[in-house]
Amino acid sequence: EDTSRSCTIELEPGAVVHFFGVFDGHGGPRAARYCCEHLPMLIAKHYATAPGASRAGRIRAACNSAFLETDELFRIASPTCGDGTTATCVIV
């Protein structure tokens, strides 16, 4: 099942970006729905502690950490689920 999301993410006070994501579920819709719901907020969470001198560098680091955490949280939330998903995301 394909699902998509667009939203704004406040990285820090006064720093807002726009998130667009398309998630293509494999084996069922649960992983795609989970990522769609959780990934943007986890990007914001990880941005606060992301290394990097530039905003772009910190966003890149935050995305890497957020994808890994989303994967881990989904495995914990759905340990017997065989679903997976691909994700194509853009932050502007």
Side-chain angles (χ1 to χ4, degrees):
E1 174 182 304
D2 293 346
T3 188
S4 63
R5 175 148 188 209
S6 63
C7 63
T8 57
I9 301 173
E10 185 171 25
L11 299 174
E12 55 192 6
V16 175
V17 295
H18 302 280
F19 172 90
F20 303 91
V22 177
F23 305 91
D24 182 11
H26 300 277
R30 291 172 289 200
R33 289 179 184 162
Y34 190 91
C35 289
C36 187
E37 182 179 335
H38 293 90
L39 187 59
M41 72 175 177
L42 290 171
I43 291 170
K45 171 189 159 187
H46 285 281
Y47 183 83
T49 59
S54 67
R55 184 190 305 188
R58 291 181 67 197
I59 289 173
R60 189 176 305 110
C63 286
N64 287 338
S65 296
F67 270 94
L68 292 172
E69 184 174 1
T70 301
D71 185 54
E72 182 62 27
L73 291 174
F74 180 69
R75 280 195 301 234
I76 291 168
S78 304
T80 60
C81 177
D83 295 14
T85 190
T86 59
T88 302
C89 304
V90 174
I91 296 177
V92 181

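Note that the structure is a prediction, hence the values are computed from the model and not measured.
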Listed partners of [X] passing side-chain contact (heavy atoms from CB on, under 4.5 Å), at least two apart:
X     : result
Asp24 : Asp2, His26, Thr86
Leu73 : Tyr34, Leu42, Glu69
Ser4  : Val22
Glu12 : Ala15, Tyr47, Arg58

Non-hydrogen side-chain atoms of Phe19 and Cys89 separated by less than 4.5 Å | yes

Heavy atoms, side chains only, cut-off 4.5 Å: are Leu11 and Val16 in contact?
-> no

Non-neighbouring partners of Arg60 that pass side chain to side chain donor-acceptor pair (under 3.5 Å), sequence neighbours left out | none

As an exercise, state the distance from [atom1] of [X] to [atom2] of [Y], rounded to the nearest 0.5 Å.
X     : Y     : atom1 : atom2 : answer
Ile9  : Ile91 : CD1   : CD1   : 5.0 Å
His38 : Ile43 : NE2   : CD1   : 13.0 Å
Thr85 : Arg33 : OG1   : CZ    : 11.5 Å

Distance-only criterion, 3.5 Å: show the donor-acceptor pairs between side-chain atoms of residues 75-83 and protein atoms not counting sequence neighbours.
| unit_1 | atom_1 | unit_2 | atom_2 | d |
| --- | --- | --- | --- | --- |
| Arg75 | NH1 | Asp71 | OD2 | 3.2 |
| Arg75 | NH2 | Glu72 | OE1 | 2.5 |
| Asp83 | OD1 | Arg30 | NH2 | 3.1 |
| Asp83 | OD2 | Arg30 | N | 2.8 |
| Asp83 | OD2 | Arg30 | NE | 3.2 |

Tracing side-chain links under 4.5 Å among I, L, V, M, F, W and Y, which residues wind up in one group with Val92?
-> Phe20, Val90

For Arg5 and Gly21, indicate whether the former's side chain and the latter's backbone hold a donor-acceptor pair under 3.5 Å.
-> no

Between Cys35 and Pro40, what is the shortest heavy-atom contact and its length?
-> O-CD, 4.1 Å

Check against side chain to side chain contact (heavy atoms under 4.5 Å, CB included), Arg55 and Val17 = CA-CA 11 Å; Arg55 184 190 305 188; Val17 295; 4.1 Å; yes

